[in-house]
2 protein chains.
Amino acid sequence: MSLIAMLMSLPPAIDAQLKRDSGLNFFEYSILSQLSGAPGRRMQMARLAQMAGGTLSRLSHAASRLEERELVHRHLVTGESRCTELALTDAGMTFLEAAAPGHVREARRLVFDVLTPEQVAQVRDIAQSITTAASPEVARALREAIVASDRL
Amino acid sequence: MSLIAMLMSLPPAIDAQLKRDSGLNFFEYSILSQLSGAPGRRMQMARLAQMAGGTLSRLSHAASRLEERELVHRHLVTGESRCTELALTDAGMTFLEAAAPGHVREARRLVFDVLTPEQVAQVRDIAQSITTAASPEVARALREAIVASDRL
DNA sequence: TGGATCGACTTGAACATTCAAGTCCCGACT
DNA sequence: AGTCGGGACTTGAATGTTCAAGTCGATCCA
């Protein structure tokens with residue numbers, strides 16, 4: 001029951017802060033954030049969908065909304081992979097830089113500030129176990145992301 | 001990042017099982033489940049919304065859907081409180097009894113089976129802390145629910 | 001008595017996500 | 001060379017949630 005309560009309260013709280021301060025939902029924020037860390041600030045749609053944790057269809061709709069706001073733009077890649085890439089515009093980068101501190105502050109306030117360092121370590125292990133059981137796909141993307149961030 | 005991955009993977013997995021096997025989403029399941037445990041298998045809308053973790057508006061829409069399926073029915077309470085109650089029908093009770101085992105099994109599989117007993121205790125404390133920070137409302141409803149279940 | 005306000009809802013429109021096609025190109029098989 | 005299947009999207013409709021009114025008694029004063 002406690003876990004369910006957290007699942008019900010944390011994502012809405014995070015979303016509310018982003019929505020209020022930047023007019024983005026968490027998924028859209030994740031898209032911008034992932035793009036900002038990618039080489040050339042661009043990424044293939046399919047790969048981005050994996051990293052941001054959504055389906056291709058969801059990403060396609062979200063990309064359309066972000067494109068409307070000129071934070072992002074689509075770019076067809078010719079050549080052997082025949083795919084479309086999403087690229088962060090300069091305006092998008094600026095926008096993200098403005099949005100990030102508030103989001104980080106909220107994440108800190110709701111999670112890190114209320115947990116001891118041991119609990120932070122515990123929740124990492126627990127969350128990884130549950131994620132692996134619930135969605136091997138997401139778990140794999142997570143491991144990739146962790147490896148990538150370790151390289152920094 | 002691990003926590004985010006869990007937030008993204010667990011609810012969809014739970015929803016998917018319920019949807020596949022019973023055609024309910026988790027919120028609708030929660031409504032039926034709460035009603036089944038209430039005295040007289042009925043509860044005031046506003047109170048039910050709190051217990052099930054949603055807004056009144058969301059509950060009202062969901063109640064309409066469940067009423068369509070005759071799992072539940074609305075009942076205006078006259079008298080000093082002037083509110084509407086939602087009551088579980090016999091068909092609703094039967095339906096819930098059929099849906100519950102699969103849901104419980106899935107919850108066990110995705111959470112309890114992959115955690116040690118110590119981790120289960122850890123996640124309880126962690127989730128309560130985060131819930132309190134993210135939504136005092138939900139945290140209060142949770143405490144109430146815990147007290148209620150302790151009385152059994 | 002007569003508003004003003006409040007709580008408990010309901011409703012409909014706006015928005016986001018999912019779902020089921022549909023398109024387009026590529027590479028493999030025959 | 002032709003076509004079959006598959007990957008990478010896009011699109012539109014269906015579904016569910018949120019948001020902003022709107023309704024309807026009850027209660028609070030003045």
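As the structure is a computational prediction, the values presented were derived from the model and not from experiment.
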Ignoring hydrogens and geometry, is there a side-chain-to-backbone donor-acceptor pair from A:S149 to A:I146 under 3.5 Å?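 Yes; at least one donor-acceptor contact below 3.5 Å.
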A:N25 backbone acceptor or donor facing A:E28 side chain under 3.5 Å: yes
For nucleotides 5-17 of chain C, read 5' to 3', which letter fits each nucleotide if B means a protein heavy atom sits under 4.0 Å from the base, S means only the sugar-phosphate is that close, and - means neither? ---SBSBB---SS
With sequence neighbours left out, write down each residue that passes side chain to side chain contact (heavy atoms under 4.5 Å, CB included) with B:R108, or none if nothing qualifies.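 Partners of B:R108 under the side chain to side chain contact (heavy atoms under 4.5 Å, CB included) test: B:V104, B:F112, B:D113.
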Test item: side-chain donor near acceptor, B:T131 and B:R140, under 3.5 Å: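 On atom types as modelled, these side chains do not qualify, holding no pair under 3.5 Å.
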Quick one: A:D15 CG to D:dT18 C1', roughly how many Å, whole number?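 In whole Å, D:dT18 C1' lies 12 Å from A:D15 CG.
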Without decimals, in angstroms, what is the distance between A:Q50 CD and D:dA8 C1'?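 After rounding, the gap between these two atoms is 12 Å.
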Can we say B:R74 and B:E67 salt-bridge, meaning some charged N sits less than 4.0 Å from an Asp/Glu carboxylate O?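 Counted as a salt bridge, because a side-chain N and a carboxylate O are separated by less than 4.0 Å.
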